[in-house]
Amino acid sequence: MSLIERDSKVIWHPYTQMKNALPHIPIVRGEGVYVFDENGRRYIDAISSWWVNIHGHAHPYIAEQVSAQLKVLEHVIFAGFTHEPAIRLAERLLPLLPGKQAKVFYTDNGSTAVEVALKMCLQYWDNRAKPKTKILAFKNAYHGDTFGAMSVSGRSIFTNAFNDLLFDVEFIDLPNQDNIERLKAQILKLKSELACFIFEPLILGSGGMLMYEATYLDELLAVCKEVEVLTIADEVMTGFGRTGTYFACEKLENKPDIFCLSKGLTGGTMPLGITTCTNEIFEAFLSDDKLKTLYHGHSFTANPIACVASLASLDILLQSETLQNIKRIEARHAGFLKEIKTHPKIKTSRQTGTILAIEWVTVGETSYLSNLRNILYTYFLDKGIILRPLGNIIYILPPYVISDEDLDYVYDAIRSALDEI
Ligand SMILES: *Cc1c(COP(=O)(O)O)cnc(C)c1O
């Protein structure tokens with residue numbers, strides 16, 4: 001039996017209607033920006049395997065560090081015990097984050113990093129005997145697939161079956177020049193109930209790569225600070241260079257109280273999540289009263305292998321060559337965008353850092369369920385490129401090691417898709 005047949009017998013894939021799913025392509029090997037299927041066919045991973053792989057596949061340096069750690073300590077319970085890789089990663093990461101981040105809390109993916117952030121905020125107010133329970137979020141936000149993370153995400157086809165069970169959240173539009181004063185007034189009106197504001201800085205990923213300006217986010221954060229609403233930057237997608245700076249929040253004057261990190265954290269090697277917070281938040285949990293403890297933890301909290309992968313990934317990220325690559329991709333995206341912007345098949349197009357998004361003209365509304373999605377997906381796959389459209393929106397979000405040649409190949413494929421589809 002082929003791998004495809006065996007897969008279809010026993011596997012249920014994520015975000016996939018299994019009834020009429022396209023065959024799942026067995027991948028046997030990765031190298032740099034490429035993955036290879038069992039027939040040796042090569043694909044350019046232009047979306048960094050769901051946005052996690054920032055330095056390319058099977059990076060030899062990360063592999064070497066991880067493999068050395070495997071022979072020393074694969075895992076140990078993280079309550080009552082600690083280890084060098086977790087401490088070292090926290091020591092290195094905290095000073096890199098914008099603002100005064102003081103403590104690292106480990107989990108194992110982006111959704112749980114968000115859950116912890118929400119719990120930190122809600123319990124912060126509870127511990128201080130000033131219970132505030134409302135949360136503010138953006139309408140098209142995506143913060144993950146667990147129930148708390150779904151609750152603070154925009155209501156969409158992803159949450160449809162669960163909407164009645166999700167807790168109430170105050171949703172606001174993305175800020176712009178025209179609505180910023182109204183949004184600020186909305187926050188002021190709710191100030192006594194609002195525990196926190198959670199946001200994806202500069203770009204809403206799964207919501208359709210929707211981009212907005214740092215200045216308006218900054219204004220929202222300023223109001224939140226003024227009226228004691230805690231702020232959570234969900235940098236699960238934007239972290240580690242994606243938007244052109246190490247973290248998207250570097251572009252803000254007002255710094256958030258909490259950061260959520262995952263995806264690029266381990267260079268795409270291992271699952272790991274991190275929630276960081278300021279000392280002020282941490283101190284609200286220090287007490288002789290045991291009820292003020294943050295009762296949260298996962299079996300694989302601070303897995304040493306994942307921490308070592310993150311340390312290795314950080315080493316690579318901080319090399320000047322990586323920053324040059326990020327700047328190079330940014331500049332080339334900008335050039336390509338300028339060229340195709342006015343194409344009649346393009347409804348809107350935009351760019352933040354290394355992310356370029358193009359919204360295809362459709363007959364109906366822009367939607368995740370657009371029929372164009374499978375047509376575009378297959379078109380690029382046939383050309384050996386993994387681009388996984390969000391409905392009629394295609395985006396390039398490549399590993400930073402992608403060469404000019406491969407970028408050109410992807411741009412060329414988009415050009416021909418614009419002419420042919
Ligand atoms: C992907 C994502 C998450 C969820 O992370 P998982 O590791 O998939 O659970 C949360 N927030 C943002 C902004 C994301 O892009």
Side-chain angles (χ1 to χ4, degrees), residues 13-16 47-54 97 105-121 135-156 158-159 162 166 169 171 174 196-212 217 231-243 246-249 256 258-276 296 298-303 306 309-310 313 352-355 357 368 388-391 393 395-398:
H13 286 270
Y15 278 91
T16 304
I47 54 158
S48 301
S49 279
W50 254 345
W51 322 346
V52 300
N53 186 291
I54 55 177
L97 288 168
F105 191 101
Y106 284 104
T107 51
D108 43 28
N109 61 63
S111 303
T112 52
V114 166
E115 297 286 343
V116 169
L118 297 174
K119 284 189 179 183
M120 278 179 180
C121 289
I135 297 169
L136 187 73
F138 286 131
K139 259 177 203 155
N140 290 299
Y142 175 80
H143 295 292
D145 287 346
T146 51
F147 268 81
M150 269 199 292
S151 292
V152 296
S153 299
R155 301 295 175 264
S156 71
F158 302 162
T159 63
F162 317 107
L166 302 180
V169 167
F171 287 110
L174 281 188
C196 62
F197 169 38
I198 182 165
F199 57 90
E200 298 162 84
L202 308 187
I203 167 164
L204 274 53
S206 294
M209 299 295 163
L210 307 172
M211 302 176 188
Y212 65 104
L217 177 59
T231 51
I232 304 170
D234 179 351
E235 292 232 24
V236 168
M237 179 187 78
T238 52
F240 305 101
R242 205 32 94 185
T243 66
Y246 289 132
F247 297 96
C249 289
I258 291 178
F259 282 86
C260 302
L261 305 170
S262 187
K263 293 213 165 104
L265 173 59
T266 66
T269 307
M270 300 280 300
L272 187 67
I274 277 181
T275 309
T276 68
H296 190 107
H298 297 278
S299 324
F300 280 100
T301 295
N303 176 260
S310 304
S313 178
T352 300
T354 65
I355 306 170
Y368 188 84
R388 203 172 180 278
L390 294 157
I393 298 167
Y395 62 90
I396 314 176
L397 194 154

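Whatever order the structure lists ligands and atoms in, that order sets their numbers, starting from 1.
- Atoms of ligand 1 found under 4.0 Å from any heavy atom of Gly144 (numbered from 1 in listed order, with element): 4 (C), 10 (C).
- Judged by distance alone, with hydrogens and angles left aside, the side-chain atoms of Thr354 form no donor-acceptor pair with the main-chain N or O of Leu397 at under 3.5 Å.
- Protein heavy atom nearest atom 2 (C) of ligand 1, with residue, atom name and distance: Lys263 NZ, 2.5 Å.
- At under 3.5 Å, a nitrogen or oxygen of Gly110, whether backbone or side chain, sits near a nitrogen or oxygen of ligand 1.
- Within the 4.0 Å heavy-atom shell around ligand 1 one finds Trp51.
- Looking at Thr238, Asp234, Leu265, it is Asp234 that brings a heavy atom closest to atom 12 (C) of ligand 1.
- The shortest distance between side-chain heavy atoms of Ile232 and Cys121 falls below 4.5 Å.
- The CD1 atom of Ile198 lies 5.5 Å from the CG atom of Asp234; values are rounded to the nearest 0.5 Å.
- Atoms of ligand 1 found under 4.0 Å from any heavy atom of Ser111, numbered from 1 in the order shown, are 4 (C), 5 (O), 6 (P), 9 (O).
- Using a 4.5 Å cut-off on side-chain heavy atoms (C-beta onward), Leu174 and Asn140 make no contact.
- Atom numbering of ligand 1 starts at 1 in the shown order; those under 4.0 Å from a heavy atom of Met237 are 15 (O).
- Looking at Ile258 and Phe105, their side chains never come closer than 4.5 Å, going by heavy atoms from C-beta outward.
- When distances from atom 8 (O) of ligand 1 to the protein are checked, no heavy atom turns up under 4.0 Å.
- Short contacts between ligand 1 and His143, defined as distances under 4.0 Å to a heavy atom of the residue, involve ligand atoms 10 (C), 11 (N).
- Put simply, the side chain of Trp50 reaches to within 4.5 Å of the side chain of Arg388, judged on heavy atoms.
- Contact annotation for Glu200 and ligand 1: only side-chain heavy atoms (C-beta onward) come within less than 4.0 Å of the ligand.
- Ring orientation note: the planes of Phe197 and Phe199 are tilted relative to one another, at an angle of 30° to 60°.
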